[in-house]
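Working notes for the structure below.
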Number of protein chains: 2
Amino acid sequence: MTTEYSGTGDPKRSMELLWGTQDPPRRGPKPKLSVQRIVRTAIEVADAEGLSGLSMRRVADELGVTAMSLYTYVPGKAELIDVMVDTVHADHPRPAGDQNGDGDGDADADADGTGWRTGLERLARENWARYLRHPWLLQVATSLPVLGPHLLAKYDRDLTAVDGLGLTEIEMDLVVSLLHDYVYGAVRSVIEAARAEQRTGMTGEQWWETYAPLLEQVFDADRYPTASRVGSVSGAEYGAPSDPARAFEFGLQRVLDGIETLVRTRAAEPLAGQT
Amino acid sequence: MTTEYSGTGDPKRSMELLWGTQDPPRRGPKPKLSVQRIVRTAIEVADAEGLSGLSMRRVADELGVTAMSLYTYVPGKAELIDVMVDTVHADHPRPAGDQNGDGDGDADADADGTGWRTGLERLARENWARYLRHPWLLQVATSLPVLGPHLLAKYDRDLTAVDGLGLTEIEMDLVVSLLHDYVYGAVRSVIEAARAEQRTGMTGEQWWETYAPLLEQVFDADRYPTASRVGSVSGAEYGAPSDPARAFEFGLQRVLDGIETLVRTRAAEPLAGQT
DNA sequence: CCTAAATATCGTACACCGTATAGAGTGACG
DNA sequence: CGTCACTCTATACGGTGTACGATATTTAGG
């Protein structure tokens, strides 16, 4: 399977698209479409069929026009994707207990001075949920050059979750980046596992059953004793080669623990300058 | 810019390629090529020009044959990439102080019972270095279905770094996944920043100078006070919109701190079963 | 009202991709 | 030698993003 991966378009054009006011033209035939409509349609297509299913012709068909018509509204596919990325960051999703029990009874945590932890956890789960809703986000390069209004608003929301903890501004930025990076890496595993299941038509369990004999045959448990031991135990426990959702829950707590260590240090010695 | 992203090929065919003994054919003309040579060439092309520059025709040209000749050795492009992935995990790179000072003087750390930390840090830096050497790895789906000999050996090496810490097998697997996921997310930021620089021809500093006025104009510091404050401070400190390499160094220490919390807990109460 | 400018849309075309298919050339074995 | 297995090539198909030119539509200016 080959999926498309698209980076960033011309930053100047994208920024104009993202920030510019599209004033309606004064002359010529009335536009049948709008950038918004095109972007919404493109997001629907990408959500349903992945980035590989997103083509200019496909979006145009969906809208009842030819592919070239889209180029009246959008400089190119890369810039279209840039706007798509900014658009899906517009919603403020409520996680509402997405995976396991939501922390409704964690009021005591706030009393410990760790209320920030709930906020960071919510941030992470929001990102997690967005990636699950729009898996194609994993394939697009959200590099800095394109910073739309919704991404900017999200950046602000994220930062408020680490404000007032005694961290420097740099540290606040770094903590937010840490969470983003981890969630990105973790969610990627889940989505790839899901895609693999969909593609091969076999669940993780079936895969395990199919390839376990081959692996055992080729494995050489003497050479790789640790992998052998851990692999068999975790394979039995997961009922699959891996359990990425569980890995996310586990890893998230460890990352938050690591941040807590930093926060405690800063609370104890507010002005120690070691980044 | 549009880059290719390739997932996994047919697992059965890939596994055969990865594990099977390719016995030389008994009849017919002598093969000019070999899977190894094709894979090596493909890796060189991908390293130099990215996954978007990797095409069957391109590799074939490099080898002086037609594109279709490759299909004698390899079932398809996806399976070729699967073998490429396994191949680049063959080396055991020595980080040798890749970013900052290597921990040569950290013998005292071992006395603290935190020698594992050095091992995990080395693991993370090895992965980090591999991604920098083969950035196209970020675009390929290394989902479980394809598990080659070198990946398996690496899995074993990784696990030994968390062996003997009192963790359960599941926890060992989860800790390794955590490190992998974080490194993946962090290195992605660096590579995307580098690609953005290369593509736009402007450094992060130049980007900052170009778009700072536009952002200030559109920003509304009253609506987003936190982002405004942090953005300006970090922008000034980085001299760029972000500093992903620094983010990696910072985040890695936080992640290791989080793992340390877990290890300490397990050392204190060896048999508490809460995963 | 009429014309001319501006705009939207369409049809065609190009270079590229992965690869299916068919055929031509090569070399070892019966 | 003939046959059969095998490698390699040539051609072709349907897909991609998008450059280019023609056509249709709307409105501003005379």
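Each chain gets a letter, A, B and so on, in the order its sequence line appears, and its residues count up from 1.
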Could you verify whether a donor N or O on one side chain and an acceptor N or O on the other, from B:T72 and B:S69, lie under 3.5 Å apart?
no
Could you tell me the separation between the [atom1] atom of [X] and the [atom2] atom of [N], rounded to a whole number of Å?
X: A:Y73; N: C:dA8; atom1: OH; atom2: P; result: 6 Å
X: B:K32; N: C:dG27; atom1: NZ; atom2: P; result: 11 Å
X: A:L33; N: C:dA8; atom1: CG; atom2: C1'; result: 10 Å
X: A:I81; N: D:dG17; atom1: CD1; atom2: C1'; result: 11 Å
X: A:D61; N: D:dG15; atom1: CG; atom2: P; result: 11 Å
X: B:M56; N: C:dA15; atom1: CE; atom2: P; result: 23 Å
X: B:L80; N: C:dC17; atom1: CG; atom2: P; result: 14 Å
X: A:L54; N: D:dT16; atom1: CG; atom2: P; result: 10 Å

Which residue pairs satisfy the salt bridge (Lys or Arg N to Asp or Glu O under 4.0 Å) criterion with at least one member in residues 178-187 of chain A, sequence neighbours excluded?
none
What nucleotide among [options] has an atom nearest to a side-chain atom of [X]?
X: B:S55; options: C:dA8, C:dC17, D:dT9; value: C:dC17
X: B:M68; options: C:dT21, C:dC10, C:dA8; value: C:dT21
X: B:K77; options: C:dC17, C:dA20, D:dT18; value: C:dC17

Could you walk me through whether A:L70 and A:L33 pass side chain to side chain contact (heavy atoms under 4.5 Å, CB included), step by step?
CA-CA 8 Å; A:L70 305 182; A:L33 277 48; 4.0 Å; yes
Given the rule in the side chain to side chain contact (heavy atoms under 4.5 Å, CB included) test, do B:L178 and B:L174 qualify, once you have shown the distances and angles that lead to the verdict?
CA-CA 6 Å; B:L178 163 59; B:L174 292 172; over 6 Å; no
B:T66 side-chain N/O to D:dT9 phosphate OP1/OP2 under 4.0 Å
yes
Scan nucleotides 25-30 of chain D nucleotide by nucleotide, 5' to 3', and note B when protein non-hydrogen atoms come under 4.0 Å of the base, S if they reach only the sugar-phosphate, - if neither.
BBBS--
At under 4.0 Å between heavy atoms, what does B:S69 touch on the DNA or RNA strands: base, sugar-phosphate, or nothing?
base
For the residue pair B:W128 and B:F248, categorise the inter-ring angle as parallel (less than 30°), tilted (30 to 60°) or perpendicular (more than 60°).
parallel
Answer yes or no: is there an ion pair linking B:R58 with B:E49, defined by an N-O contact shorter than 4.0 Å?
yes
Taking only Lys NZ, Arg NE, NH1 and NH2, and the carboxylate oxygens of Asp or Glu, determine whether B:D61 and B:R57 approach each other closer than 4.0 Å.
no
Closest-nucleotide 5' rank along DNA chain C - winner of B:G76 and A:V65
A:V65
Residue met sooner reading DNA chain C from 5', once A:R57 and A:A67 are mapped to nucleotides
A:A67
